[in-house]
Amino acid sequence: MKTKIVYVNPLNPEIEKLMVAANILKNGELVAFPTETVYGLGGDALNVDSVKKIFKVKGRPIDNPLIVHINSIEEINKVAINIPELAYRLMDIFFPGPLTLILPRNPTIPPEVSAYLPSVAVRMPAHPIAINLIKLLNSPIAAPSANKSSRVSPVTANHVYDDFKNEIKLIIDGGITPLGLESTVLDLTKERPTILRPGVIPLEELKEIIPSVEEFGIGTEQTMDKPASPGMKYKHYSPVIPLILVTGKTPYIWEEIIKLRTALEESKEKIGLLLTKEGYQYLGNPPNSLILGSKDKPLDIGSRLYLTLRELEKNYNMIIVEGIKEVGIGRAVMNRLKKAASKIIEF
Ligand code: TXA
Ligand code: MG
């Protein structure tokens, strides 16, 4: 199968181009498309064969469920049942946008979508291409991030192509995805609302609306045994080369990063650095480095994380990354980095 890439204007999508994509989806084939977070690998959520194709092509374990994407708040009823009042309050504030809600699944959604769980993950993306594509299909779209299982999520059409060339019919190229990091996954089926995956909407913001919200202890051994979100137990977001994460107090960690690189380079490793703007400047613009962004602008850091990781893995055989503060979106950034790391050094 030859993969076609079609450029579509992300702000004002050409509807005739999206019609072609919607028809491919109607025929049970897969289409990768941009959302405001990352690219998704989409299939018709009501078509079991499409859903199975997603798992197969992505190499996704069958017990790790998919997110269903809708184009309006009203469409939630097609996907979920027994929707609590809190869900409507959250949708009023955060839909469309980077928040995914776990709700009781409507039986019209094939159980394969949810890996046979009684629940379903649902989100309304805030991207004109995604919204119009769902509208034209006239059916919700099931879509995981459009990367091979356990790889870094894609934020450009080329990233998708690198992972799926000749395995899917169409990639809609809508340029770089603006947020660059996945949605926050919030489980509303538990007694206490629980964040299963930190994402662009930070815990602090959700706390203002749901004071009792808690964040699942992601990554601890305890949670690995009995994960609330099946996605938690799998290795995720990993670059294909070793990544060392260095965290702690500055400027100490900046100096340690350079020491570490020098020591490792003696064993002929070709090492790329991923630094904050402050770290980069403190170290006098060290060579073979990419800048994540300024510590004062964690949203920028979030949006450049996958972009820079994919870039570094092409050119080096090891990456050393400077950790950031685990507040706001920094929690999501550090969650991904910790999962990606082959080694974590804390000072
Ligand atoms: O920003 C995003 O959320 C992107 C874009 C494409 O929408 N999608 C995305 O999908 O990141 P994916 O499949 O890569 O991650 C979905 C996460 C997984 O960790 C999965 O385990 C969890 O959501 N999930 C999905 N359905 C669930 C359910 N019914 N119960 C618990 N966790 C669920
Ligand atoms: Mg993913």
Side-chain angles (χ1 to χ4, degrees), residues 30-43 45 51 54-55 57-70 79-80 94-106 109-127 129-131 133-134 140-155 159-160 163 172 174 177-190 193-201 216 218-219 223 226-238 302-303 306 332 335-336 339-340:
L30 307 185
V31 172
F33 62 96
T35 77
E36 77 281 27
T37 58
V38 299
Y39 275 75
L41 178 63
V51 172
I54 295 174
F55 281 91
V57 169
K58 187 170 157 104
R60 182 163 186 132
I62 50 161
D63 63 350
N64 193 3
L66 308 177
I67 297 175
V68 176
H69 297 73
I70 54 176
V79 177
F94 296 108
F95 277 25
L99 180 68
T100 296
L101 299 178
I102 309 289
L103 294 166
R105 177 167 51 85
N106 185 323
I109 296 291
E112 285 82 357
V113 170
S114 293
Y116 294 90
L117 291 173
S119 59
V120 66
V122 57
R123 116 172 167 88
M124 178 180 173
H127 194 295
I129 292 179
I131 285 290
L133 188 61
I134 305 165
I141 294 182
S145 51
N147 51 279
K148 286 277 182 188
S149 197
S150 89
R151 295 271 293 103
V152 174
S153 294
V155 299
H159 293 164
V160 180
D163 281 16
I172 301 176
T177 56
L179 297 172
L181 201 63
E182 297 93 343
S183 63
T184 303
V185 178
L186 178 67
D187 191 347
L188 296 182
T189 65
K190 301 266 153 36
T194 307
I195 294 175
L196 300 181
R197 177 180 71 183
V200 175
I201 308 270
F216 206 81
I218 289 164
T223 64
K226 208 170 172 302
S229 172
M232 285 176 184
K233 68 180 177 189
Y234 295 108
K235 194 165 166 57
H236 254 168
Y237 319 110
S238 329
S303 73
Y306 294 145
N335 166 262
R336 306 305 189 269
K339 285 189 169 205

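Computed from a predicted model, the values in this text were never measured in an experiment. Both counts, for ligands and for their atoms, begin at 1 and track the order of listing.
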Going by heavy atoms in the side chains, are S183 and R197 under 4.5 Å from each other?
yes
Taking all non-hydrogen atoms of both residues into account, name the closest pair between N64 and F55 and its distance.
O-CE2, 3.3 Å
Give the minimum heavy-atom separation between P125 and I70, together with the two atoms involved.
CD-O, 3.4 Å
May I ask you to check whether [X] has an N/O atom sitting below 3.5 Å from an N/O atom of ligand 1?
X    : value
K58  : no
S145 : yes
Y39  : no
H69  : yes
R123 : yes

May I ask which of V200, V68, T177, L196 has a heavy atom nearer to atom 31 (C) of ligand 1 than the others do?
L196
Compare I67, V120, T184, V113 and give the one whose heavy atom is closest to atom 16 (C) of ligand 1.
I67
Does ligand 1 have any atom sitting under 4.0 Å from a heavy atom of S119?
yes
Does ligand 1 have any atom that is closer than 4.0 Å to a heavy atom of R105?
no
Does S145 bring an N, O or S atom to under 2.8 Å of the Mg ion (ligand 2)?
yes
Taking 4.0 angstrom as the limit, do E182 and R123 come out as a salt bridge?
no
Ligand 1-proximal atoms of R60, by part, heavy-atom distance under 4.0 Å:
side chain
How does L66 reach ligand 1, by side chain, by backbone, by both or by neither, if only non-hydrogen atoms under 4.0 Å count?
backbone
